[in-house]
Amino acid sequence: MRSAVCPGSFDPVTNGHIDIIGRAAALFDHVTVGVLVNQTKSSLFTVDERIVMLEEVCAVYPNVTVQSFTGLLVDFCRDHKISAIVKGLRAVTDFDYELQMAQMNNRLTGIETLFVSTNPVYGYLSSSLVKEIAGHGGDVTGLVPDSVLKSLKERLA
Ligand code: PNS
């Protein structure tokens, strides 16, 4: 069975993330959405809240599950017999850091990283911008799933 991970912070999940997860689900037998538990980074939503939101929006993909992880991504992949990392690339600005991580992860365990080109519709989209805009009362409809939009409004009210 071919398994992949779509890793990230997902604080919160955006429609850009969902596009990448869905396309990974079409390529692999099983996809794990790996939510990083990062104690040093302040977040709007707890890891558990992010998992609930992800599980709801990923329910349409029967071969996708959601799980948190701590520590190195390559260790999580080894422990769960995951042979590939799938990442979305939005623009050249993503490329340097993503390439560096892909090469380092490959050096650590030989795991491969596959880059999926982000749908141009979501090329400018990030969780950070969504939080900033929503935090100032801006409209992020269409950039995040409706359920996430509701959670954002409640959290930022
Ligand atoms: O959504 P993000 O915050 O851009 O995701 C970054 C993430 C989680 C993919 C990356 O930080 C990661 O893989 N962290 C796990 C720790 C790790 O393995 N670090 C070494 C990378 S070479």
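Along the sequence shown, residues carry numbers from 1. Atoms within a ligand are numbered from 1 in the order they appear, just like the ligands themselves.
- Short contacts between ligand 1 and Lys41, defined as distances under 4.0 Å to a heavy atom of the residue, involve ligand atoms 3 (O).
- Below 4.0 Å from some heavy atom of Lys87 lie the following atoms of ligand 1, by number and element: 9 (C).
- Leu73 N, 2.9 Å is the protein heavy atom nearest to atom 18 (O) of ligand 1.
- Of the candidates Val5, Asn105, Leu36, it is Leu36 that places a heavy atom closest to atom 11 (O) of ligand 1.
- Within ligand 1, counting atoms from 1 as listed, the ones closer than 4.0 Å to a heavy atom of Met104 are 22 (S).
- With no hydrogens or angles considered, no side-chain donor-acceptor pair links Thr46 and Asp48 at under 3.5 Å.
- Within a 4.0 Å radius of atom 9 (C) of ligand 1, the protein has at least one heavy atom.
- Using a cutoff of 4.0 Å between basic side-chain nitrogens and carboxylate oxygens, Asp19 and Arg23 are scored as salt-bridged.
- Of all heavy-atom pairs between Lys87 and Pro7, the closest is CE-CG, 3.5 Å.
- Residue Phe10 is grouped with residue Ile133 when hydrophobic side chains (ILVMFWY) are merged at heavy-atom distances under 4.5 angstrom, including chains of intermediate members.
- Between the side chain of Asn106 and the backbone N or O of Glu112 there is no donor-acceptor pair closer than 3.5 Å.
- Residue contacts with ligand 1 for Arg107 are absent, since no atom lies close enough (heavy atoms, distance under 4.0 Å).
- Protein heavy atom nearest atom 7 (C) of ligand 1, with residue, atom name and distance: Gly8 CA, 4.5 Å.
- Shown in contact with Gly71 at under 4.0 Å from a heavy atom are these atoms of ligand 1, numbered in order with element: 15 (C), 16 (C).
- Pairing each heavy atom of Pro145 with each of Val13, the nearest pair is CD-O, 3.9 Å.
- The heavy-atom pair separating Leu114 from Phe28 by the smallest distance is CD1-CZ, 3.6 Å.
- The protein heavy atom nearest to atom 3 (O) of ligand 1 is Ser9 OG, 2.6 Å.
- Shown here for Gly142 and Asn15, the closest heavy-atom pair between the two residues is O-ND2, 2.7 Å.
- Protein heavy atoms come within 4.0 Å of atom 16 (C) of ligand 1.
- Proximity of Gln100 to ligand 1, defined as any heavy-atom pair under 4.0 Å, is not found for any part of the residue.
- Under a 4.0 Å criterion applied to the non-hydrogen atoms of Phe69, ligand 1 contributes the atoms 15 (C).
- Looking from atom 19 (N) of ligand 1 to the surrounding protein, the closest heavy atom is Leu72 CD2, 3.9 Å.
- Val66 and Leu73 fall into different hydrophobic clusters, where Ile, Leu, Val, Met, Phe, Trp and Tyr side chains are chained together by heavy-atom contacts under 4.5 Å.
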